[in-house]
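To start, the structure under review is shown below, and the notes come after it.
The structure presented is a predicted model; accordingly, all values stated were derived computationally and were not measured. Lettering of chains follows the sequences in order, A, B, ..., and the numbering in each one begins at 1.
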Amino acid sequence: AQTVTQSQPEMSVQEAETVTLSCTYDTSESDYYLFWYKQPPSRQMILVIRQEAYKQQNATENRFSVNFQKAAKSFSLKISDSQLGDAAMYFCAYRTTFTTSGTYKYIFGTGTRLKVLA
Amino acid sequence: DGGITQSPKYLFRKEGQNVTLSCEQNLNHDAMYWYRQDPGQGLRLIYYSQIVNDFQKGDIAEGYSVSREKKESFPLTVTSAQKNPTAFYLCASSRPGLRTGELFFGEGSRLTVL
């Protein structure tokens with residue numbers, strides 16, 4: 001079974017600085033997707049960025065980028081120019097290949113709480 | 001606007017009572033999911049469904065039940081058999097036919113059992 005590990009329960013970053021959140025996963029599949037979701041205090045889950053496993057190029061969305069190391073099964077999130085609004089829980093998620101039931105399963109890590117210091 | 005609506009947002013129940021959490025989506029998504037969120041444990045999959053009248057157990061299905069009578073609706077019942085039901089529950093949906101499909105989430109329901 002696939003697993004997702006986020007080893008940093010909490011991180012802090014100074015406003016305008018850069019922070020990297022770690023995520024590792026375990027799988028025997030070759031075709032999958034990886035996601036980072038943000039959960040602010042409102043608890044609404046928001047997609048931050050996604051990465052296709054077969055693409056070597058790291059995904060980027062404005063101030064958010066990933067470092068995807070497929071062989072190492074690592075998928076870290078880098079936030080540049082951190083802003084107060086970035087303070088939230090961040091979840092790494094793995095989407096399996098199509099299951100026998102005809103859909104995908106999404107597996108989440110335990111989350112990293114990011115604090116942004118003014 | 002399309003989205004996922006969960007109700008109620010907050011729910012208090014006495015121990016031993018069954019409770020049903022509502023999840024409705026108007027995104028025309030085929031797949032729907034229920035997750036439970038506890039501090040320090042992330043999101044854990046309870047049940048998921050690809051089509052009407054079909055659903056599968058996730059990792060922590062014991063003490064829960066679901067139905068999928070309509071494409072738009074996927075209610076979750078927390079039964080008295082669930083030993084520790086106090087948690088935050090998230091409903092989500094996706095389009096399996098869309099290769100890049102991510103999960104879309106509702107705003108969640110907070111269940112407290114007294």
Pairwise distance OH(A:Y104) to CZ(B:R95) - rounded to 0.5 angstrom |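 Here the interatomic distance stands at 11.5 Å.
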Gap separating the CG atom of B:L43 from the CD1 atom of A:I107, nearest 0.5 angstrom |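 One gets 12.0 Å once the value is rounded to the nearest 0.5 Å.
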Residue [X] excluded, over 12 heavy atoms near [atom1] under 6.0 Å:
{"X": "A:K78", "atom1": "NZ", "result": "no"}
{"X": "B:E62", "atom1": "CD", "result": "no"}
{"X": "A:R63", "atom1": "CZ", "result": "yes"}
{"X": "A:Q56", "atom1": "CD", "result": "no"}
{"X": "A:N62", "atom1": "CG", "result": "no"}

B:L103 vs A:F35, side-chain contact (heavy atoms from CB on, under 4.5 Å): CA-CA, chis, key distance, verdict = CA-CA 10 Å; B:L103 278 178; A:F35 304 88; over 6 Å; no
Please flag which part of [X] lies under 4.5 Å from any non-hydrogen atom of chain A: side chain, backbone, both or neither.
{"X": "B:L45", "answer": "side chain"}
{"X": "B:D38", "answer": "neither"}
{"X": "B:F55", "answer": "neither"}

Hydrophobic cluster membership, [X] vs [Y], 4.5 Å side-chain cutoff:
{"X": "B:L27", "Y": "B:Y33", "result": "no"}
{"X": "A:Y33", "Y": "B:F104", "result": "no"}
{"X": "B:L76", "Y": "B:Y10", "result": "no"}

Looking at B:R44, B:E107, B:Q37, B:Q41, which makes the most heavy-atom pairs under 4.5 Å with chain A?
->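 Highest number of heavy-atom pairs under 4.5 Å: B:Q37.
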By a 4.5 Å heavy-atom criterion (distance strictly below it), what part of A:Q39 contacts chain B: side chain, backbone, both, or neither?
->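 Looking at A:Q39, just its side chain touches chain B.
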Please flag which part of A:Y106 lies under 4.5 Å from any non-hydrogen atom of chain B: side chain, backbone, both or neither.
->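 For A:Y106, backbone and side chain are both near chain B.
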What is the minimum heavy-atom distance between A:R43 and B:L90, and which atoms define it?
->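 Of all heavy-atom pairs spanning A:R43 and B:L90, the closest is O-CD2, 4.4 Å.
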Please report the closest heavy-atom contact between B:F105 and A:F108, naming both atoms and the distance.
->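 Looking at all heavy atoms of both residues, the shortest contact is CZ-CZ, 3.7 Å.
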Would you please test B:E102 and A:Y37 for side-chain contact (heavy atoms from CB on, under 4.5 Å) and show each step?
-> CA-CA 10 Å; B:E102 74 270 25; A:Y37 279 88; 3.4 Å; yes
